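The structure appears below as structure tokens.
In what follows, residues are counted from 1 in the order of the sequence shown. Just so you know, ligand 1 is whichever comes first in the structure, and atom 1 is the first atom listed for that ligand. Quantities reported herein were computed from a predicted structural model and do not represent experimental measurements.
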Amino acid sequence: MTRVFSGIQPSGDLHLGNHLGALVNWVAMQERAECVYCVVDLHAMTSPAEHDPATLRQRTLSAATTLLAVGVDPQRSILFVQSHVHEHAECTWLLNCIAGFGELRKMPQFKDKSAGKGESVSVGLFDYPVLQSADILLYHADEVPVGEDQRHHIELARDLGQRFNHRFAPDDPVFTLPRAIHPPAAARVMDLQEPSNKMSKSTSSDKGVVYLLDDPTRIAKKIRAAVTDSATDIRYDREAKPGVSNLLEILAAATGRSIDELVVEHDGHGYGSFKAAVAEAVVELLRPVQQRHAALAADPGEVSRTLADGAARAREVAAPTLLRAKQAMGMLDAGIVREGHGW
Ligand code: AQP
């Protein structure tokens with residue numbers, strides 16, 4: 001059966017970009033694959049200026065609650081918190097030793113997030129894609145459902161897996177080589193205020209982001225205020241009409257209709273009614289998620305128990321993979337050392 005892995009950072013409240021770009025696929029994939037989903041708290045510490053321990057704890061639990069509300073089913077899938085499975089950090093070190101400085105320096109997300117930070121940029125931010133490679137490779141994932149922004153990171157995981165197998169395990173590969181899976185629409189949801197930038201937890205302004213838990217009035221207000229352009233025609237053109245194109249993609253993803261069909265329906269009626277239709281579709285899309293979230297948030301102990309169970313199941317897969325990787329790289333078996341000392 002196909003194995004799927006994906007993760008989400010608790011670096012802020014989850015938003016429509018996360019949902020349409022990744023989570024919708026996460027939920028759908030449970031129908032046809034063994035899925036491993038993770039709240040990647042170690043990744044959320046890579047920007048020291050934004051790392052507040054109490055906030056990280058609260059956001060980690062909140063992200064897990066939101067994933068359950070969106071439809072991740074812990075009976076069918078494994079849902080856990082990254083730092084609960086220490087194999088991720090350990091495997092990162094092994095992969096660090098075969099990853100190149102040059103290939104990490106070129107990663108678009110590192111370039112964006114380190115811009116203007118000079119020498120103070122954290123080693124964690126630089127190493128972020130290697131930790132992500134370890135996340136994926138530990139679970140033998142065939143497919144990784146992600147938004148477009150993650151394309152290069154998944155390619156790196158594939159390259160590192162291949163390099164490792166070739167060098168250390170040519171006859172009996174340790175790692176499965178993953179591929180990225182992108183959604184058919186809204187693979188890259190843009191910031192409502194700056195439609196040439198992606199909607200982002202940490203870099204967008206509040207007005208540019210629809211959070212999954214925003215109430216309907218707030219959602220409608222943000223979409224009404226979305227930046228468009230001075231013309232009135234409604235057509236899909238990412239270069240000339242980034243704001244309108246973004247809203248068309250959101251509407252298509254939220255309703256399951258094609259962009260062509262939506263253009264025919266809305267062109268000629270002005271931006272006001274078009275934005276109202278987008279707002280209504282997003283409100284309806286998020287209504288059941290918000291209802292389920294309210295019920296789950298009333299019992300955080302149950303969410304924590306679900307995560308503990310998920311971590312135990314995750315370790316059953318990750319620990320043997322790490323052991324094989326260590327043996328292939330020449331780490332001495334711990335049992336032999338104990339025998340030698342008579343312990
Ligand atoms: N704007 C987006 N459009 C489509 N997909 C998106 N994703 C994120 N933003 C968009 C997808 O959501 C998944 C989880 O992302 P992440 O939390 O691991 O980190 P990210 O990609 O860096 O997302 P953010 O919101 O921009 O977080 P920060 O600001 O902390 O960096 C991924 O599959 C991603 O593709």
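The ligand atoms of ligand 1 that sit less than 4.0 angstrom from a heavy atom of Val146 are 33 (O), 35 (O). Under a 4.0 Å criterion applied to the non-hydrogen atoms of Lys198, ligand 1 contributes the atoms 1 (N), 8 (C), 9 (N), 20 (P), 21 (O), 22 (O), 23 (O), 24 (P), 26 (O). For ligand 1, the atoms sitting less than 4.0 Å from at least one non-hydrogen atom of Ala22 are 12 (O), 13 (C), 33 (O), numbered in the order shown with element in parentheses. Taking every non-hydrogen atom of His15 and a distance limit under 4.0 Å, the qualifying atoms of ligand 1 come out as 9 (N), 25 (O). Ligand-side atoms of ligand 1 in range of Gly21: 4 (C), 5 (N), range being under 4.0 angstrom from any heavy atom.
Closest to atom 31 (O) of ligand 1 among all protein heavy atoms lies Lys113 NZ, 2.3 Å. Of the protein's non-hydrogen atoms, Gln9 NE2, 3.1 Å is the one closest to atom 19 (O) of ligand 1. Summary of contacts: the protein heavy atom closest to atom 4 (C) of ligand 1 is Ala187 O, 3.0 Å. Remark: minimum distance from atom 30 (O) of ligand 1 to any protein heavy atom is reached at Ser11 OG, 2.5 Å. For atom 14 (C) of ligand 1, the closest non-hydrogen atom on the protein side is Ile8 CG1, 3.5 Å. Atom 34 (C) of ligand 1 has as its closest protein heavy atom Asp149 OD1, 3.4 Å. When only non-hydrogen protein atoms are considered, atom 28 (P) of ligand 1 lies nearest to Ser202 OG, 3.3 Å.
Some N or O of Gly17 is nearer than 3.5 Å to an N or O of ligand 1, by distance alone. Polar contact with ligand 1: absent for Met190 (N/O pair, distance under 3.5 Å). For ligand 1, one of its N or O atoms has an N or O atom of Gln150 under 3.5 Å away. The distance criterion of under 3.5 Å between nitrogen or oxygen atoms is met by Val189 with respect to ligand 1.
The pair Lys198-Asp149 counts as a salt bridge, with a side-chain nitrogen and a carboxylate oxygen less than 4.0 angstrom apart. Residues Arg257 and Glu265 are paired through a salt bridge, judged by an N-O separation under 4.0 Å between the basic side chain and the carboxylate. The pair Asp206-Arg218 meets the salt-bridge criterion, since a charged nitrogen lies less than 4.0 angstrom from a carboxylate oxygen.
No more than 12 heavy atoms of other residues, nucleotides or ligands lie within 6.0 Å of NE2 in His166, so this atom counts as exposed by the packing criterion. Atom NZ of Lys106 is surrounded by 12 or fewer heavy atoms from other residues, nucleotides or ligands within 6.0 Å. Remark: Gln30 CD is packed, more than 12 non-hydrogen atoms of other residues, nucleotides or ligands lying under 6.0 Å away.
Residues Met29 and Trp26 share a hydrophobic cluster, clusters being chains of Ile/Leu/Val/Met/Phe/Trp/Tyr side chains in contact below 4.5 Å. Residues Val227 and Leu247 fall into different hydrophobic clusters, defined by Ile, Leu, Val, Met, Phe, Trp and Tyr side chains chained together at heavy-atom separations under 4.5 Å.
Between the side chain of Arg179 and the backbone N or O of Glu143 there is no donor-acceptor pair closer than 3.5 Å. When atom types are taken as modelled, the side chain of Thr46 and the backbone of Leu42 share no donor-acceptor pair closer than 3.5 angstrom.
Separation of atoms CG (Leu251) and CG (Leu262) is listed at 4.5 Å; rounding is to 0.5 Å.
Of the listed residues (Ile154, Asn246, Asn18), the one carrying the non-hydrogen atom nearest atom 8 (C) of ligand 1 is Asn18. When Lys201, His182, His19 are ranked by how near their heavy atoms come to atom 27 (O) of ligand 1, first place goes to Lys201.
By the criterion of a heavy-atom distance under 4.0 Å, the side chain of Gln109, and not its backbone, is placed next to ligand 1. Contacts between Arg188 and ligand 1 below 4.0 angstrom, taking non-hydrogen atoms only, involve the backbone exclusively.
Annotation: Phe110 is not in aromatic contact with Tyr128 [ring centroid separation under 6.0 Å not met].
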